Amino acid sequence: MDAQYENELRNLQMRFIGKIIAGFTHEIKNYIAIINESTGLIGDMMKVGKSVENDLPAYLDIIHSIEDHIEKTNGHFRYLNRFAHRMDSPLSSFHINESLEELIALLKRFANQKRIVFKQDYDTDKPTVYSNPAILQLIIFTFLEQNIMELEQESTITLQTTVTDQSVRVTIIPNGKRIEGSSVSIPSELLDIVIKELGGNISQDREKETIILLPLRPL
Amino acid sequence: MKREDINVLIVDDEVALANTLAQRLQMRDLKVGTAYDGAEALSRLKVDRPDVIVLDLRMPGMHGMEVLREIKKACPEIQVIVLTGHGTDKDEEEVKKLGGFGFLKKPADIEMLAHKIKAAFKEKCARTL
């Protein structure tokens, strides 16, 4: 890959990582705010003399809410940690479904802003591909973000994986009306080069679906 | 000031956060309701007649700024305090420009929030005299 394309790809990657971290911190900040208010509420109840014996259900509800949000925080950290480790080595074998699930979890907040729902329809064989997981996530992110920007509120985006002969097919299917929107896309020449380096190929119909074929490789 | 004196509406898409904040403010003698998005908040303006609205910015559907603009258009006397997790200085400026009473960042100290709400209510009373 020549220096100009490499530079362009790095810039897109930096933007992608920034976006993921922004969404992640927003989510975590909300969970912390809920935990903070919940512990504050327990303190308030104690100050006005609400005893644990008499108000046990109310105390337990708050404690369950705190536990639930700690679990959500933990789950989100797990996704971010896995996402960060995708960059450990340029090529590796990995479960495509897990990689997509993680991306969806980290992007959900952006879609929620437009009440866009992600539907996940994954091959139950849990296909493994041999590719560059970080770059692949960048490509899929770009298509998902483009759809989020260009679709009307309350649309859906389906992510599908299917195994065909020697490859895994990842299909992104938008369902909703298109609106005017500015979004960042990977220049087509760069996309062709990157997909080739991943050993796959791509076919695109912006309004209908995007199909990415990747080489199948058992772990 | 008695509980029924100040009618507050909390608007936040985080249901658990909105409900917990409501409970804490109720324990500080405020009458508090909740709405979980901008459209619901706007539909409640004429029915609940809140004195003060505590409004999140980033919500699904309508953005908080849009909600603030609509509130001020429909009921300019209602005082709005923006309570956001990720507000920037630019957001704060915009809130002021749109007639917002205050701009606080999450997590806000509950006493400070209650104090701000009471100050907003006083402002509303002074303006409607």
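Computed from a prediction, not measured in an experiment: that's the story for all the values here. Any value given below was found using the heavy atoms of this structure, including those in side chains, with hydrogens, waters and symmetry copies removed. Just so we're on the same page: letters track the sequence lines, and every chain starts at 1.
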Check whether NZ of the Lys or CZ of the Arg A:Lys19 lies under 6.0 Å from the centre of the six-membered ring of A:Phe110 and within 45 degrees of that ring's axis. yes
Contacts of B:Arg24 that satisfy salt bridge (Lys or Arg N to Asp or Glu O under 4.0 Å) - sequence neighbours left out: A:Glu37, A:Asp44
Counting heavy-atom pairs under 4.5 Å with chain A, which one of B:Leu21, B:Asp13, B:Asp12 comes out on top? B:Leu21
Looking only at A:Ile32, A:Asn30, A:Ile116, most heavy-atom pairs under 4.5 Å shared with chain B are made by A:Asn30
Side chain from CB out, backbone as N, CA, C, O: work out which of these in B:Ala108 comes under 4.5 Å of a heavy atom of chain A, or both, or neither. backbone
For A:Val48 and B:Met27, what are the C-alpha separation, side-chain angles and deciding distance, and is it a side-chain contact (heavy atoms from CB on, under 4.5 Å)? CA-CA 9 Å; A:Val48 297; B:Met27 292 176 88; 3.5 Å; yes
Answer yes or no: are there more than 12 heavy-atom neighbours, outside A:Met87 itself, under 6.0 Å from its atom CE? yes
